[in-house]
Engineer: 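After the structure tokens below, expect a handful of questions from me.
Keep in mind that this is a model prediction, so the values were computed, not measured. Chain letters run A, B, ... following the sequence lines, proteins first, then strands; residues in each count from 1.
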Amino acid sequence: MNIEIIHIVYLIASVTFILGLKMLSNPKTARRGNLIAAGGMIAAIVGTILLREEPVSPIIYSLIFGAIILGTIIGWLTAKKVQMTKMPELVSLFNGMGGACAALIGLIEFPNIAAHFPGKLGVVLAGMLIGSVSFSGSMIAWAKLNGTLKNAIRLPKYNILNTVILVGLVGYAVYIVFAQDYSLTHLYLLFTLSLVYGVLFVLPIGGADMPVVISLLNSFTGLAAAFGGFLYDNQVMLTGGILVGSAGTLLTLVMCKAMNRPLYSVVFGAFGEAASSSTSNGPQGNVTEISASDLAVQMNYSSKVLIVPGYGLAVAQAQHVVKELETLLEERGVEVAYAIHPVAGRMPGHMNVLLAESNVDYDKLKEMEDVNPEFAQTDVVLVVGANDVVNPAAKTDPNSPIFGMPILEVENAKSIVVNKRSMNAGYAGIQNELFFKDKTNMLFGDAKKVLSELVNELKNLD
Amino acid sequence: MNIEIIHIVYLIASVTFILGLKMLSNPKTARRGNLIAAGGMIAAIVGTILLREEPVSPIIYSLIFGAIILGTIIGWLTAKKVQMTKMPELVSLFNGMGGACAALIGLIEFPNIAAHFPGKLGVVLAGMLIGSVSFSGSMIAWAKLNGTLKNAIRLPKYNILNTVILVGLVGYAVYIVFAQDYSLTHLYLLFTLSLVYGVLFVLPIGGADMPVVISLLNSFTGLAAAFGGFLYDNQVMLTGGILVGSAGTLLTLVMCKAMNRPLYSVVFGAFGEAASSSTSNGPQGNVTEISASDLAVQMNYSSKVLIVPGYGLAVAQAQHVVKELETLLEERGVEVAYAIHPVAGRMPGHMNVLLAESNVDYDKLKEMEDVNPEFAQTDVVLVVGANDVVNPAAKTDPNSPIFGMPILEVENAKSIVVNKRSMNAGYAGIQNELFFKDKTNMLFGDAKKVLSELVNELKNLD
Amino acid sequence: MKLSVLKESETGETRVALVPKSISKLKKIGIDVIIEKGAGEKAAFKDEDYIAAGGELANSFSDAIKRADIVVKINPPTSEQISELGPEKVWISQLFHRLNDSLIDALSATGVSAFSLDAMPRISRAQSMDVLSSQSNLSGYKAVISGADNLGKIFPMLMTAAGTVTPAKVLIFGVGVAGLQAIATAKRLGAVVEATDVRPECKEQTESLGAKFISVEDDGVKTEGGYAKEVTEDYLQKQKEAVNKSLANADLVITTALVQGAKAPILISREQIELMKNGSVIVDMAVAKGGNTALSKPDEIVVHKGVKIVGVSNFPAQIPTNASELLSRNIDTFLSHLVTDGSFNWDFEDEITKGTLIINNQKLSS
Amino acid sequence: MKLSVLKESETGETRVALVPKSISKLKKIGIDVIIEKGAGEKAAFKDEDYIAAGGELANSFSDAIKRADIVVKINPPTSEQISELGPEKVWISQLFHRLNDSLIDALSATGVSAFSLDAMPRISRAQSMDVLSSQSNLSGYKAVISGADNLGKIFPMLMTAAGTVTPAKVLIFGVGVAGLQAIATAKRLGAVVEATDVRPECKEQTESLGAKFISVEDDGVKTEGGYAKEVTEDYLQKQKEAVNKSLANADLVITTALVQGAKAPILISREQIELMKNGSVIVDMAVAKGGNTALSKPDEIVVHKGVKIVGVSNFPAQIPTNASELLSRNIDTFLSHLVTDGSFNWDFEDEITKGTLIINNQKLSS
Amino acid sequence: MESVIEFFTSNKDIIFIVILMIFVGVEVIGNVPAVLHTPLMSGANAIHGVVIIGAILVMLDSEPTNYLALSLGFLAVLLGTLNVVGGFVVTDRMLEMFKKKK
Amino acid sequence: MESVIEFFTSNKDIIFIVILMIFVGVEVIGNVPAVLHTPLMSGANAIHGVVIIGAILVMLDSEPTNYLALSLGFLAVLLGTLNVVGGFVVTDRMLEMFKKKK
Ligand SMILES: NC(=O)c1ccc[n+]([C@@H]2O[C@H](COP(=O)([O-])OP(=O)(O)OC[C@H]3O[C@@H](n4cnc5c(N)ncnc54)[C@H](OP(=O)(O)O)[C@@H]3O)[C@@H](O)[C@H]2O)c1
Ligand SMILES: NC(=O)c1ccc[n+]([C@@H]2O[C@H](COP(=O)([O-])OP(=O)(O)OC[C@H]3O[C@@H](n4cnc5c(N)ncnc54)[C@H](OP(=O)(O)O)[C@@H]3O)[C@@H](O)[C@H]2O)c1
Ligand SMILES: NC(=O)c1ccc[n+]([C@@H]2O[C@H](COP(=O)([O-])OP(=O)(O)OC[C@H]3O[C@@H](n4cnc5c(N)ncnc54)[C@H](O)[C@@H]3O)[C@@H](O)[C@H]2O)c1
Ligand SMILES: NC(=O)c1ccc[n+]([C@@H]2O[C@H](COP(=O)([O-])OP(=O)(O)OC[C@H]3O[C@@H](n4cnc5c(N)ncnc54)[C@H](O)[C@@H]3O)[C@@H](O)[C@H]2O)c1
């Protein structure tokens, strides 16, 4: 009887996973979706333990509960305490835990299965192998994001090496299954090899590509869980694992696409070559990019947005789309205004001419002196094709050709997004340290094109 | 062995159905999707016949092939010969055929199942019942679209009547199953009742709502097929049926939403009340509406589009979005120009002022005399908030206040779409027979709002 | 059939009734065109252009009139011109017949038949022959340019290193053809524009050009012809209250209000002018019909307490090229209505013919 | 520390160097302002306005100069004014010192220290004190308005019942500050605008305003200061070829080309003018520096074969209110640079001070 | 209750498949533009013609002498074929108009 | 070949479920905006923590005396719990920023 009810529980849990993922792909429902999936997970775990028909020794029960309670406390605290910026590495860490769990299951079950159900041996090994790779790979990814491991370490000809190891790994596992040679030595050797492969797989990859790698390892772990489900004929593990495996793979592809990097370069470790291209001749370090869709969400959930137009707005003839952006944001209850620098553009009043053409209300145009104190209360400043007029060098660098010119003090805003086509300089021909600030994100591309995308993403948000 | 291969065939067929439906929901892949699903269907049918292990009498084989060949010829010819405008009724007809097929299976199998697998009796009855309703309902829908049945026929209190019959129908089936009373009389009575219900279900519904009804009946037939799959433990029937059942239901909901009618009014037969609201005080008959997304596809696949702006464009201040539309269409290789009537708007040059503001190229503005001969080669004319300047009464009705005024001869175009907010008259205060022409579709709504939707739909097209 | 185009004789007039482009159009309906020498000179149409287009020259107005069946001009005939006219001839020009009894009497006396272009009925079909409409439109544009030229400020808002220039505030009285074009032009140049009119439908029209409408709480009604009727004292009082605030802020005021067959209404009194800012400008487009302000004088710039009141009675004459082109098109379309294959073809039931034919001494064919 | 504002004495000048708004700003840095009576009258700033803002009046220029430590004016001093000056006083105005040796000598002789506003270096920091920039900007706008007022056509395209009015074609020579504003203004009014310049970066700037750039196949180079240098004969020849077609089609031509420290280049020869259409107009903004056309005369309208050549030497004076406001802001910012807490504070290493101080007879504090 | 659970357990895979199929059905057409409503309906209509498999099975399993079953079965196969063939062909025709003109 | 077909037949429902699940996985996140990439990855990460069920089953099935299995199992449950709990909680925190400010 219990054993039958557990199937219903599993079914429900599987459905919550599907719904959860679905809701997670929409900003409006994402949070609820996560909770729903979590609810399903709790039901599945509790059901597995409680709906057991055979008697179980109390020692085992207490061990299980002990492990769960301990895990819950540690997991909860770590997750709650971590800083916002450290979250990706935490995800990698947790992913590694899942992989390790799968690997351990394989290690434990191997002798058992070898003895009783040799037909499922392949399944056990596959789960263990993938789990181990995912574990060790995630650990390396974590260490990289963490800063413990700083550089991409590349053995000579690492591409060939990795492929050889992978082929060997799979061949070895197939050999074990078909040769029916169930010695534990083989098992441990395979385990070790898998761990090594995981390490070698991630080591050569640059830090900027870690999110893609984590997503890939994530879908590996899903696959490992699915093998577990196959092993125990357990539907919730099977469906949960496959779901993550397929969704994770798609997500990896989507992320690759967003980064303009084909998947094969991910799989074959040809990572990181282009990773440092975002810095230009300017010496000041790295810039962070933001995508139009991320910016759309950020703006949608802001209370106050200031737009700083510059000469690039004129070059791109983006005045109409900037007006559309304003209208959309205002419809969503966001306060929008324009901060006009007196010398923005190439003629006095250049911005006025443009914005009047697209019927921007005169009241929305703020003069520099009036708007400077407002930046501190601004959630997002969107700099559209302006450069010199927001260059802090005007205040800080006496050798700069623009030294002494008053500027728009956008750095005081909570977040700054700069749209321009490249890292090229503006009229004064100097680099702008604003672009390299932590709070600043770059939105590269022609203003008209990129703002149209932004407008579209905003429209898609509801 | 064969019996095992057939499972693979079925699996592949199911996957083609899924892929087919997916591709059918994108204009670019739709046609290929249909063919893929058709391929899967052929494989499933051929497999079912050929991969049979038990010997089958040649008579039966010849009957089967005969039926298939006959059906193919009739089906093919009908589908190929029918006029474009008659397609919806044909879909309804074919849907009815599917329902009848399911009903017949039920009729044949009932005694057999009753004798051998009473546990599946509910499944047989459900399939037959739903199939019959779908069959008779589709026939009525067909007759209505066909024109054979002209008006919505409503028995008094038909709502209550229908609900009573439905409840009776289900109750009766449940009774048969639980009472284990397997007399054929019950079967035939149930069959007849189902047919009657199907008729009564569709009869009260007005012609304008038929597409929704057909979609609903379509998902019914899917359900009937799924019950068949359950009956024979046949995966392709099951999955194909469920797929159509769920996709069909969603489609019905989506169509309801597009028509602004809630689903309950569909289910409870409260159809057609609002159906004739599209005609106004003007006496000239019915207008056809078009949705922004239909128009987007139509424009996307046109070679030449002319836009006729009028006073409504000015009122809505839609000049910027009309320019955006132009740009998008031109990017897609559509030739776009504006046909400017000398008195469009409320002041001489009103349209020029507006379109100059949104930077429309002067070369794209065509004078009336130059553009009138061009309409015949135009695929779509989009009239935006113009009325009097395209009113044929100026040429045909000597009593009209605008008689004698030259107009833009949009009627010569292949297709005309008129955007305005309502059926209200323009400056001259007279109704416009253009709106009632067969070639004319109305796109109701504020020009700025509706054109923004159109632009969005266009962007979503690739 | 011969048609003569006379040179305008009024001071300040620069337009010509027919431009070379119309000659070929008239040829098609059987009309040959004779041009009084130098008629188009001020509008940048040379005598050679007319000849090249197929016209003939006449050395004087009397020569031109003598040789013609139809005589066209923009302004009413001078007494010398009247003396040359006679029966069998057809005269076409603006006549303003309701305000000009003596002129009509003199003309009638010659036995000529005369059409008045300004009497064109305001029906859709006649829109292409309506000279008031085509000229008002240009005037609306020109009034703004002229206002901008007279104003010590610029129109657009400019935020510059030397401070922000605030946009000019423009207030427009009367949202007819001229008023609408004035709104459009002022908006284009970047001004903040407000407008007011007695006819309530003007609100939507004003807003359709992106400007603000000042509604007067009262119901102004329009006559059938599209012209406004005279409004009550009470209305004028309410209008004053509604606009005074805008008036005090305005940099440029343009008045266009006309009432059919009556003197233009006084919309801005001396006290109201005194409310206005030092340096502000009023352009009175109604000055030829008495003016919309208490102080305007035709073709003069009156300065009162720092406010310039510019009265221009003939704006179209300041853009003679375009104005003549449109007029010429109006007139040739009108002629196409009256003449078929070189002979007259008048339908006295027809609203256009009936409305414009002020003096009828003509038999039905020439 | 006292500052006097003199009334401008040049004919046609209507601006004033300081507007009432600046008085309080100057008070903050320890400067009290004295105004020569009626100095702001023509720019719509009344004496009362100055008093209300905290200024004092002086009855004559000699009175004003006598009472002041600093004297400001827009135009160079007249000889009467020079005779009132003396050591310990500081003079601020435009001096055009490179073209005006005798003036500089006369001034130097008085022992005065003098700053020339037109010598402001073109660096970012000085943009808010740059009178050439602020005045050119307004001139660019006004040149278009003036051109539109002189043209027999309207700017925008209008499709009307009386036919289509084609848009005016405007051609602009020199895409500096004035040229850009002219492009913007003409575009706003609906004209089809083309422009040309020696500096290649002007192409992008022109296009950023929606107009078309005519490139000359040659490489014009700019000097460091943002000014164009004199170009070769060869270049001028190529430029002629590139623009002649546009010139023949143009309705309005606006020329703004200047070369630093030299006579303005002749860009349109007599033959080229003869290419132009009857009725077209040229507005020459460089006429004060010799003019960009072969025929322009300062403050005259020359008509040559149907082409009007309008030479205006002082456009800003036609929009005195705005022009004075911007000038005043330029000057008060400049003063803030020179004066702290009521005493001079000159840094001779500073580019701005160094660049503008033409005659230095002053000790470092007053 | 008992029997429901029993039914569930013995059909758990089928039930799972049904539920997943419902998800797939809904998700797969989730973004259909309005212009494709009719072709999509028509395509789905052709797919449920898969019911013809049932009719074929009926016939294959029938006694060659059970004339009633055979004739009803014949009819069922015929109708099913109409649904399938007609459905796919009509859909294809509807979709012809999506060919780009040039 | 034979054995593949055999494997297929005996597991046909499971295979079907796997295939459908792949479809569902792909379709369900098909329209995810880029801003949700990381939270979605994190949420999916938590879901594959379902592997903990396997670890629990291992322990439930173990002999109370098989210390190696028990201790490895304990570790496995612990790690699995970390994956699940940490995963969901961290996802939730990431999603906090999607709350509308007002
Ligand atoms: N206002 C005046 O009167 C005047 C007159 C003369 C000089 N200036 C000077 O001009 C400067 C004005 O400052 P500003 O911030 O407005 O301009 P800016 O400093 O010249 O910067 C403009 C930026 O816009 C970007 N851009 C160009 N085309 C773009 C496009 N299509 N889409 C997106 N971005 C584009 C460029 O970067 P990418 O190339 O990377 O895209 C460039 O860095 C000041 O230095 C001022 O002194 C002003
Ligand atoms: N050009 C001139 O100089 C001039 C001057 C005076 C009079 N007129 C007269 O004005 C007329 C001009 O013809 P027309 O075709 O331009 O205009 P119209 O005949 O007045 O028709 C305009 C149409 O636009 C629709 N509309 C209004 N607001 C809208 C919005 N926000 N969104 C979408 N549609 C909107 C209205 O229908 P709904 O209410 O149903 O939306 C109306 O039927 C002629 O009769 C002409 O004689 C012209
Ligand atoms: N054929 C046609 O259909 C046609 C042709 C031309 C004009 N019209 C229409 O006729 C109407 C009037 O055109 P118009 O420009 O020749 O008019 P107009 O020149 O006679 O008057 C100008 C404007 O002044 C307004 N006015 C009068 N008294 C006023 C007062 N006391 N206060 C404020 N405003 C006052 C009038 O309402 C009008 O809008 C317009 O709506 C125009 O569109 C129609
Ligand atoms: N502080 C600053 O950064 C600052 C201030 C003002 C101006 N500027 C820049 O300096 C540049 C020049 O400004 P300006 O308006 O004072 O210049 P200007 O008045 O000296 O000259 C006007 C224009 O004429 C052009 N010209 C000269 N000879 C020509 C010829 N033969 N043919 C065609 N064109 C010719 C010049 O290139 C210039 O663009 C502009 O780019 C402006 O943006 C910078």
Engineer: Quick one: does E:V24's side chain get under 4.5 Å of B:L21's, heavy atoms only?
Structural biologist: no

Engineer: Where does B:I214 contact chain E at under 4.5 Å (heavy atoms): side chain, backbone, both or neither?
Structural biologist: both

Engineer: Please identify, among B:Q235, B:K80, B:M23, the residue contributing the most non-hydrogen atom pairs under 4.5 Å to chain E.
Structural biologist: B:K80

Engineer: Mark yes or no for whether B:S25, through its side chain, and E:V28, through its backbone, hold a donor-acceptor pair below 3.5 Å.
Structural biologist: yes

Engineer: Please state whether the side chain, the backbone, both or neither of E:V58 comes within less than 4.5 Å of a heavy atom of chain B.
Structural biologist: both

Engineer: Of the backbone (N, CA, C, O) and the side chain (C-beta and beyond), which part of B:S215 lies under 4.5 Å from a heavy atom of chain E, both, or neither?
Structural biologist: both

Engineer: To check you understand the geometry: which heavy-atom pair defines the closest contact between B:A79 and E:G86, and what is its length?
Structural biologist: CB-O, 3.9 Å

Engineer: Work out which heavy atom in B:L250 is nearest to a heavy atom in E:V26; give both atom names and the distance.
Structural biologist: CD2-O, 3.3 Å

Engineer: Apply side-chain contact (heavy atoms from CB on, under 4.5 Å) to residues B:T221 and E:N45 and explain how you reach the verdict.
Structural biologist: CA-CA 8 Å; B:T221 314; E:N45 166 50; over 6 Å; no

Engineer: Just do the side-chain contact (heavy atoms from CB on, under 4.5 Å) check on B:D233 and E:I14 with the steps written out, would you?
Structural biologist: CA-CA 9 Å; B:D233 202 1; E:I14 298 280; 4.0 Å; yes

Engineer: Could you tell me which portion of B:Y232 (side chain, backbone, both or neither) has an atom closer than 4.5 angstrom to a non-hydrogen atom of chain E?
Structural biologist: side chain

Engineer: Looking at side-chain heavy atoms only, is the closest gap between B:L70 and E:T81 below 4.5 Å?
Structural biologist: no

Engineer: Closest approach of E:N83 and B:G98, non-hydrogen atoms and distance?
Structural biologist: OD1-CA, 3.0 Å

Engineer: Which one, B:G33, B:A102, B:A67, leads in non-hydrogen pairs under 4.5 Å with chain E?
Structural biologist: B:A67

Engineer: What verdict does the side-chain contact (heavy atoms from CB on, under 4.5 Å) test give for B:M97 and E:L78, after you've listed the backbone C-alpha separation in whole Å, the side-chain angles of each residue and the deciding distance to 0.1 Å?
Structural biologist: CA-CA 9 Å; B:M97 301 298 101; E:L78 179 66; over 6 Å; no

Engineer: Measuring heavy-atom distances to chain B, does E:L75 have an atom under 4.5 Å in its side chain, in its backbone, in both, or in neither?
Structural biologist: both

Engineer: Side chains of B:F17 and E:V50: closer than 4.5 Å at any heavy-atom pair?
Structural biologist: yes

Engineer: Counting distance only, does the side-chain N/O of B:N34 pair as donor-acceptor with the main-chain N or O of E:F88 below 3.5 Å?
Structural biologist: yes

Engineer: Looking only at heavy atoms, what is the nearest atom pair of E:H48 and B:A225, with distance?
Structural biologist: O-CB, 3.9 Å

Engineer: Report the option among B:S14, B:A37, B:S57 that has the most heavy-atom pairs separated by less than 4.5 Å from atoms of chain E.
Structural biologist: B:A37

Engineer: For E:A46, is it the side chain, the backbone, both or neither that has a heavy atom under 4.5 Å from a heavy atom of chain B?
Structural biologist: backbone

Engineer: Going from CG on B:L217 to CE on E:M41, what distance comes out if it is rounded to the nearest 0.5 angstrom?
Structural biologist: 9.5 Å

Engineer: Sort B:K81 into side chain, backbone, both or neither according to what part of it lies under 4.5 angstrom from a heavy atom of chain E.
Structural biologist: backbone

Engineer: For a 4.5 angstrom cut-off between non-hydrogen side-chain atoms, does B:L24 reach E:L36?
Structural biologist: no

Engineer: Using non-hydrogen atoms and a 4.5 Å limit, figure out which bit of B:Q298 sits close to chain E: side chain, backbone, both or neither.
Structural biologist: neither

Engineer: Does any backbone or side-chain atom of B:Y61 lie under 4.5 Å from a heavy atom of chain E? Answer side chain, backbone, both or neither.
Structural biologist: side chain

Engineer: Does any non-hydrogen side-chain atom of B:Y10 lie less than 4.5 Å from one of E:I53?
Structural biologist: yes

Engineer: If you tally heavy-atom pairs under 4.5 Å against chain E, which of B:G240, B:G241, B:P27 wins?
Structural biologist: B:P27

Engineer: Less than 4.5 Å to any heavy atom of chain E: does that hold for the side chain of B:I74, its backbone, both, or neither?
Structural biologist: both

Engineer: Of the backbone (N, CA, C, O) and the side chain (C-beta and beyond), which part of E:D61 lies under 4.5 Å from a heavy atom of chain B, both, or neither?
Structural biologist: both

Engineer: Search all heavy atoms of E:S42 against all heavy atoms of B:V91 and return the closest pair with its distance.
Structural biologist: OG-CG2, 3.7 Å

Engineer: Return the minimal non-hydrogen interatomic distance between E:I56 and B:I49, and the atom names on each side.
Structural biologist: CG2-CG1, 3.8 Å

Engineer: Let's test your reading of the structure: which of B:T72, B:L231, B:V56 forms the most heavy-atom pairs below 4.5 Å with chain E?
Structural biologist: B:T72

Engineer: For the side chain of E:R93 and the backbone of B:V82, is there at least one donor-acceptor N/O pair under 3.5 Å apart?
Structural biologist: yes

Engineer: Side chain from CB out, backbone as N, CA, C, O: work out which of these in B:M41 comes under 4.5 Å of a heavy atom of chain E, or both, or neither.
Structural biologist: side chain

Engineer: So which of E:V90, E:N11, E:I52, E:T38 has the largest heavy-atom pair count under 4.5 angstrom toward chain B?
Structural biologist: E:V90

Engineer: Determine, step by step, whether E:L57 and B:R52 satisfy the side-chain contact (heavy atoms from CB on, under 4.5 Å) criterion, reporting the C-alpha distance in whole Å, the side-chain angles of both residues, the deciding distance to 0.1 Å, and the verdict.
Structural biologist: CA-CA 10 Å; E:L57 290 179; B:R52 184 77 178 177; 4.1 Å; yes

Engineer: Under a 4.5 Å cutoff for heavy-atom pairs, which residue among B:T16, B:L223, B:I59, B:I45 has the most contacts with chain E?
Structural biologist: B:I45

